[in-house]
Amino acid sequence: MNDRVLVADDDTNITDVCRRYLEREGYLVSTAKDGLEALELWRSQKPNLIVLDLMMPNKNGWEVCNEVRQTEDLPIVMLTARGEEQDRLMGLTMGADDYLTKPFSPRELVLRVQAILRRMRYVQAKPVTVAGHTIKYEGLTIDTAKRIVEISGQVIDLTVTEFEMLILLASHPGQVFSRNQILSRVWDFSYEGDTTTVTVHIRRLREKIEPVPSNPKYIKTVWGIGYKFAGDGQS
């Protein structure tokens with residue numbers, strides 16, 4: 001079955017172009033002109049991924065993303081105006097997996113969609129019934145087979161992207177990963193330029209697993225380079 005993509009933007013030129021490029025690659029594409037229609041199509045058609053413009057009438061992209069995230073860990077790619085850094089940060093903070101700034105290349109959008117859905121299929125295909133690898137470190141337990149993360153015995157709800165980032169770092173304790181390396185390993189595409197996506201996802205992950213996010217115990221910043229998982233870990 002082909003993956004279904006929902007593209008929501010009040011600019012019909014953008015939705016038409018996105019539809020053409022995505023359909024060429026075999027995706028089933030639905031389009032919405034505002035936030036309310038996007039939510040209706042999300043509920044009725046159950047897309048595999050949403051491409052979501054931030055600035056839309058009748059519920060903006062932030063509101064749509066927030067409502068989707070309350071019930072489903074669905075991949076979301078945000079579309080933002082060029083130069084609106086605060087909008088990008090807000091979108092990522094609220095749970096978007098990635099973003100593109102307008103004007104953008106439709107081909108780049110296709111590549112992002114392909115990479116995200118490929119990663120989702122890989123994650124979903126991992127067996128959960130066999131004995132898995134468990135990582136433990138000072139109150140943090142990660143069951144990589146069942147995809148469960150616990151802090152002092154309490155299960156923590158992570159998105160697919162957050163979990164993959166944590167696994168990458170925790171599986172290589174002490175190893176420093178640059179933001180570009182994390183993009184390549186977790187997002188599964190080569191990305192040049194702004195690495196805000198990684199920075200914001202690290203911030204979100206810290207808010208969920210760190211006792212004191214401003215003074216992280218597990219995920220350390222290596223200034224000027226990237227991030228590493230503290231300690232040696234136990235498996």
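Residue numbers start at 1 and run along the sequence shown.
For the pair D34/D10, no side-chain contact is recorded, criterion being any heavy-atom separation below 4.5 Å from C-beta on. Between L49 and D3, the closest side-chain pair of non-hydrogen atoms is not below 4.5 Å.
Using modelled atom types, one side-chain atom of N2 and one backbone atom of G26 make a donor-acceptor pair closer than 3.5 Å. In this structure a side-chain-to-backbone donor-acceptor pair under 3.5 Å is present from E210 to I219. With hydrogens and angles ignored, the 3.5 Å screen pairs no side-chain donor or acceptor of E162 with any backbone N or O of L158. Judged purely by atom type and a 3.5 angstrom limit, R185 has no side-chain atom pairing as donor or acceptor with the backbone of E164. In this structure, K208 contributes its side chain and R204 its backbone to no donor-acceptor pair below 3.5 Å. Between the N58 side chain and the G35 main chain, no donor and acceptor come within less than 3.5 Å of each other.
With values rounded to the nearest 0.5 angstrom, L100 atom CG is found 6.5 Å from L79 atom CG. Between atom CG of residue D53 and atom CE of residue M78 there is a gap of 9.0 Å, rounded to the nearest 0.5 Å. Here the CG atom belonging to D9 is positioned 7.5 Å from the CE atom belonging to M56, to the nearest 0.5 angstrom. Taking OG1 of T15 as the reference point, atom CG of L22 lies at 11.5 Å (rounded to 0.5 Å). Atom CG of L183 sits about 10.0 Å away from atom NE2 of H201, to the nearest 0.5 Å. Atoms OG and CG, on S30 and L41 in that order, are 5.5 Å from each other to the nearest 0.5 Å.
Taking K46 as the reference, nothing meets the salt bridge (charged side-chain N to carboxylate O under 4.0 Å, His left out) condition, with sequence neighbours excluded.
Its side chain within the 4.5 Å cluster rule, I225 clusters with V176, V222 among the Ile, Leu, Val, Met, Phe, Trp and Tyr residues.
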Show your working on side-chain contact (heavy atoms from CB on, under 4.5 Å) between I14 and K102 and close with a plain yes or no. CA-CA 10 Å; I14 290 178; K102 299 179 181 179; 3.7 Å; yes

What do the steps show when you test R43 against E72 for salt bridge (charged side-chain N to carboxylate O under 4.0 Å, His left out), and what is the final call? CA-CA 11 Å; R43 295 188 186 100; E72 187 176 7; over 6 Å; no

Between Y27 and C18, does a side-chain contact (heavy atoms from CB on, under 4.5 Å) hold up when you go through it step by step? CA-CA 11 Å; Y27 295 105; C18 291; over 6 Å; no

Candidate pair V149 and I142, rule side-chain contact (heavy atoms from CB on, under 4.5 Å), full reasoning: CA-CA 5 Å; V149 176; I142 307 168; 4.2 Å; yes

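With respect to V113, the side-chain contact (heavy atoms from CB on, under 4.5 Å) criterion is satisfied by exactly one of D98, V7, V5, N48: V5.
Between W42 and E67, the side chains place no donor N or O within less than 3.5 Å of an acceptor N or O (distance only, hydrogens not considered). The closest side-chain donor-acceptor pair between Y227 and R179 falls under 3.5 angstrom.
Salt-bridge annotation for E207 and R203: absent, with no side-chain N of the basic residue lying under 4.0 Å from a carboxylate O of the acidic one. Ion pairing of E150 with K136 is absent here, as no side-chain N (NZ or NE/NH1/NH2) approaches a carboxylate O to less than 4.0 Å. Looking at D97 and R69, a side-chain N of the basic residue comes within less than 4.0 Å of a carboxylate O on the acidic one, giving a salt bridge.
Taking a 6.0 Å sphere around NZ of K217, one finds it holds more than 12 heavy atoms contributed by other residues, nucleotides or ligands. Heavy-atom contacts from other residues, nucleotides or ligands closer than 6.0 Å to CD of Q154 number 12 or fewer.
Pairing each heavy atom of I135 with each of S171, the nearest pair is CD1-OG, 3.7 Å. Pairing each heavy atom of V17 with each of P106, the nearest pair is CG1-CG, 3.4 Å. Contact detail for E37 and T31: the closest heavy-atom pair is OE2-O, 3.9 Å. Heavy-atom minimum distance, A170 versus P173: O-CD, 3.4 Å. Listed here is the closest heavy atom pair of P75 and I116: CB-CG2, 3.5 Å. Listed here is the closest heavy atom pair of I202 and M165: CD1-CE, 3.2 Å.
A parallel orientation is assigned to the rings of F229 and Y218, their planes being inclined by less than 30° (bins at 30° and 60°).
In the hydrophobic clustering of ILVMFWY residues, with side-chain heavy atoms under 4.5 Å counting as a link, W62 and L36 come out apart. I209 and I148 are assigned to two separate hydrophobic clusters, defined by single-linkage of ILVMFWY side chains at heavy-atom distances under 4.5 Å.
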